Amino acid sequence: MSLLSVEAATKRFGGLTALDAVSLEVAPGSITGVMGANGAGKTTLFSLIAGTDRPSGGRITFDGRRVDGLPADRVCRLGIARTFQIVRPFAGMTVLDNVAVAAMYGRRRIRARGPAEVIAWEVLEATGLADRAHQAAGSLTLAGRKRLEVARALATGPRLLLLDEVMAGLTATEVAEALAMIEDLRRRYDLTILVIEHVMRALMRLCDRIVVLHHGRLIAIGTPAEIATHPEVVDAYLGGGS
Amino acid sequence: MKAPLGLAAAVVAAAALPLLGSDYAVGIGLSLAMWVALTQSWVLISGMAGYVSLGHVVFYGTGAYVMVLAWQQYPPWLAVLAGGIAAGVLALAIGWPVLRVRGPSFVILTFGVAELVKYVVVNVEGALGRFGRVLFGGPDLQTLYWAMLGLAVAASVLTYVVRRSRFGGGLIAIREDEDAAEAVGIPAAKLKLAAFALSAVIPGMVGAIMVMRSTYFEPLQVFSPVVSFTIVTMAVIGGSDDAPGPLFGAAFLVVLAETLWSTLPEAYMIAQGALLIAFVLFAPDGIHGRLTARRARSG
């Protein structure tokens with residue numbers, strides 16, 4: 001059975017249809033890539049799943065339970081955590097506090113500060129931020145902030161993790177590190193992952209399956225090998241070139 | 001452990017103030033305790049959650065009005081409690097719609113709601129044929145002072161405790177980025193409403209006590225926006241992130257007021273305005289923020 005099931009999810013902003021009847025099933029433990037040009041509707045899809053935005057139509061089911069239209073904090077407590085493409089750290093708080101507060105709320109809802117900090121340290125180790133724990137989150141580099149997005153989402157104790165371009169703007173070495181980190185996290189925390197990425201090769205290596213969005217519509221879904229040779233994808237997204 | 005002991009000693013010393021036998025000194029003490037209680041309460045919603053209320057006088061005025069309505073029908077202590085509860089309930093009623101808007105719109109709304117309530121009270125009083133009410137035979141100055149001191153201590157402890165709690169952590173996250181806070185499971189709407197209601201209760205009780213002190217109730221005066229402005233000024237000058245801030249801010253402005261008021265009353269208003277501007281521009285985290293930063297650098 002699917003952990004996440006999206007059926008004909010649609011989002012209109014005024015006259016613009018950002019997402020047009022997109023359906024997909026996500027198997028537990030899988031990593032699914034979401035590909036598409038700017039404005040294809042990738043982040044909108046995440047926002048609908050995570051409850052940041054309310055769908056104009058369709059239904060989203062997580063672990064047998066309808067989640068579309070629920071507020072973001074409820075969705076998070078049910079076990080879906082997202083990162084933001086444009087990073088949104090709690091800038092004035094330390095890195096540790098950013099992560100600890102997520103552990104105190106989220107699906108884990110650890111009431112006491114002490115145990116929440118234990119989780120926070122563990123997550124910071126896993127994301128390679130432990131040595132920057134006492135630094136203000138606002139003073140991190142971009143790569144650091146991207147990691148903090150992941151750490152904060154992880155600290156909530158999700159079953160489904162939505163990663164929105166956590167590798168964008170990183171150097172080749174940083175991308176390689178991030179890839180290793182994501183694979184490690186999936187095993188360690190028994191996660192199901194949806195990942196939006198522009199870095200094509202990264203996506204191909206990481207994912208079990210890839211869905212391709214184009215102007216708000218889903219145009220292809222399949223294994224990385226299938227996607228790489230899918231005529232419509234090659235035409236629309238890869239531009240027939242690389 | 002030195003700080004709690006020092007604070008306990010300060011509270012004992014403050015409680016002993018009436019023994020000096022100077023009504024003038026007790027009057028200043030009362031005023032200081034009042035501003036500490038008001039500003040600490042304001043910090044809960046505006047300092048921690050970052051929702052700046054420019055209408056906190058509405059809770060103070062509500063408490064005062066409850067006292068006026070209960071006057072000589074119920075014991076004063078009961079009316080003080082009722083004033084606090086009424087203010088809290090009003091905050092829940094206002095907060096539910098108002099806390100949905102963020103930023104400058106929220107600031108303006110709180111100001112507007114306070115003005116609205118003020119004129120409602122003015123009109124109710126007018127319809128009742130009451131133009132100003134006199135409250136004679138209330139508790140003496142010492143008793144009022146001790147009650148107010150109790151509220152100041154309670155408000156300070158409340159701010160201190162909330163700041164270090166899970167609840168406070170959630171509020172700070174909302175201040176830093178509300179969407180990100182919701183994305184990590186923080187129920188922002190619920191937490192903001194709780195903080196807003198909590199920030200109203202003590203001001204309601206403060207208003208109920210202060211109207212006994214002035215022995216006179218006139219809605220335009222009791223609901224004056226100057227009270228709200230002063231709270232904000234004290235929080236900005238002292239710092240609004242934690243309990244010490246309001247202590248610094250209130251002490252600073254009360255002392256300044258007392259020194260200038262008798263000699264140069266118009267200079268006080270100018271000085272207050274100039275200080276507010278200076279702090280916003282050069283030390284937005286206030287006296288307490290500056291001190292913490294200095295301690296962090298040196299230690």
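Worth saying up front: this structure is predicted, and the values here are computed from it rather than measured. Throughout, protein chains are lettered first and strands after them, A, B, ... in sequence-line order, and every chain is numbered starting at 1.
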Problem set entry | Part of A:Leu78 within contact of chain B (heavy atom distance under 4.5 Å) | neither
Problem set entry | Option that, when pairs with chain A are counted at under 4.5 Å, heavy atom only, ranks first among B:Gly170, B:Ser165, B:Ala189, B:Ala188 | B:Gly170
Problem set entry | Most contacts with chain B, counted as non-hydrogen pairs under 4.5 angstrom, among A:Ala91, A:Pro89, A:Ala153, A:Ala81 | A:Ala91
Exercise. Around B:Leu281, counting heavy atoms of other residues, nucleotides and ligands shown, do more than 12 lie under 6.0 Å from its CG?
Worked result: yes
Exercise. Does any heavy atom of chain B fall under 4.5 Å from the side chain of A:Arg111, the backbone, both, or neither of them?
Worked result: both
Problem set entry | Residue-level interface, residues 171-186 of chain B with chain A, non-hydrogen cut-off under 4.5 Å | B:Ile172, B:Ala173, B:Glu176, B:Asp177, B:Asp179, B:Ala180, B:Ala181, B:Glu182, B:Ala183, B:Val184, B:Gly185, B:Ile186
For this session: Count the heavy atoms of every other residue, nucleotide or ligand shown that sit under 6.0 Å from OH of A:Tyr189, and state whether that count exceeds 12.
Result: yes
For this session: Considering non-hydrogen atoms only, spot the tightest contact between B:Arg166 and A:Arg109 and give its length.
Result: NH2-CG, 3.5 Å
Problem set entry | Partner chain B: residue of A:Arg152, A:Glu149, A:Arg82 with the largest heavy-atom pair count (under 4.5 Å) | A:Arg152
Problem set entry | Nearest non-hydrogen partners of A:Tyr105 and B:Phe167, listed with the distance | OH-CA, 3.6 Å
For this session: Determine which residues belonging to residues 92-106 of chain B lie within contact range of chain A, meaning some heavy atom pair is under 4.5 Å apart, and list them by number or answer 'none'.
Result: none
Exercise. So which part of A:Ala50 gets closer than 4.5 Å to some heavy atom of chain B, the side chain, the backbone, both or neither?
Worked result: neither
